[in-house]
Amino acid sequence: MSNAIAQIVDTYVRLKNRRGLDELMMHRQRLAVDLKSRSSRGFDFSLPIGKIDEEIAIIEAGLTRLAADAPEPGATRLR
């Protein structure tokens, strides 16, 4: 699954789709919170929580790449 997320993130970065990355991040964070709250009920969700944490790290890296590619505020664009 991480490879699929990496491809999705790469596409969002290439298209400069910050909103898509933000929504993807929020969704994964909600999943992580939900699974972590269910872990106290006697089920072991450590594997899916670990995978979601990996995906969150991939999305964070994509957001960092997107921010690095963004022009500085007030910078002039050369044609």
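Counting begins at 1 with the first residue of the sequence.
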Checklist entry - Under 4.5 Å between side-chain heavy atoms, hopping through other hydrophobics if needed: is there a path connecting F43 to L31? => result yes

Checklist entry - Rounded to the nearest 0.5 Å, what separation is found between the CD1 atom of I59 and the OG1 atom of T64? => result 12.0 Å

Checklist outcome for this item: Taking every heavy atom of P48 against every heavy atom of L35, the minimum-distance pair comes out as CB-CD1, 3.9 Å

Checklist entry - Hey, mind stepping through R28 and I5 against side-chain contact (heavy atoms from CB on, under 4.5 Å) and telling me if it holds? => result CA-CA 11 Å; R28 290 305 187 270; I5 291 297; 2.9 Å; yes

Checklist entry - Salt bridge or not for R19 and E23, using N-O below 4.0 Å? => result yes

Checklist entry - Does a side-chain N-to-carboxylate-O contact under 4.0 Å join D10 and R14? => result no

Checklist entry - So do the side chains of M26 and R30 get within less than 4.5 Å of each other, counting heavy atoms only? => result yes

Checklist entry - Hey, mind stepping through L66 and N17 against side-chain contact (heavy atoms from CB on, under 4.5 Å) and telling me if it holds? => result CA-CA 8 Å; L66 189 62; N17 187 344; over 6 Å; no

Checklist entry - What's the spacing between L21 CG and I58 CD1 if we round to 0.5 Å? => result 12.0 Å

Item to check | Pairwise distance CD1(I49) to CZ(R38) - rounded to 0.5 angstrom | outcome: 11.0 Å

Item to check | Salt bridge present between R65 and D69 (N-O < 4.0 angstrom) | outcome: no

Checklist entry - Rounded to the nearest 0.5 Å, how far does CD of E60 lie from CG of D53? => result 9.5 Å

Next on the checklist: What verdict does the side-chain contact (heavy atoms from CB on, under 4.5 Å) test give for I56 and I52, after you've listed the backbone C-alpha separation in whole Å, the side-chain angles of each residue and the deciding distance to 0.1 Å?
Outcome noted: CA-CA 6 Å; I56 288 171; I52 290 171; 4.0 Å; yes

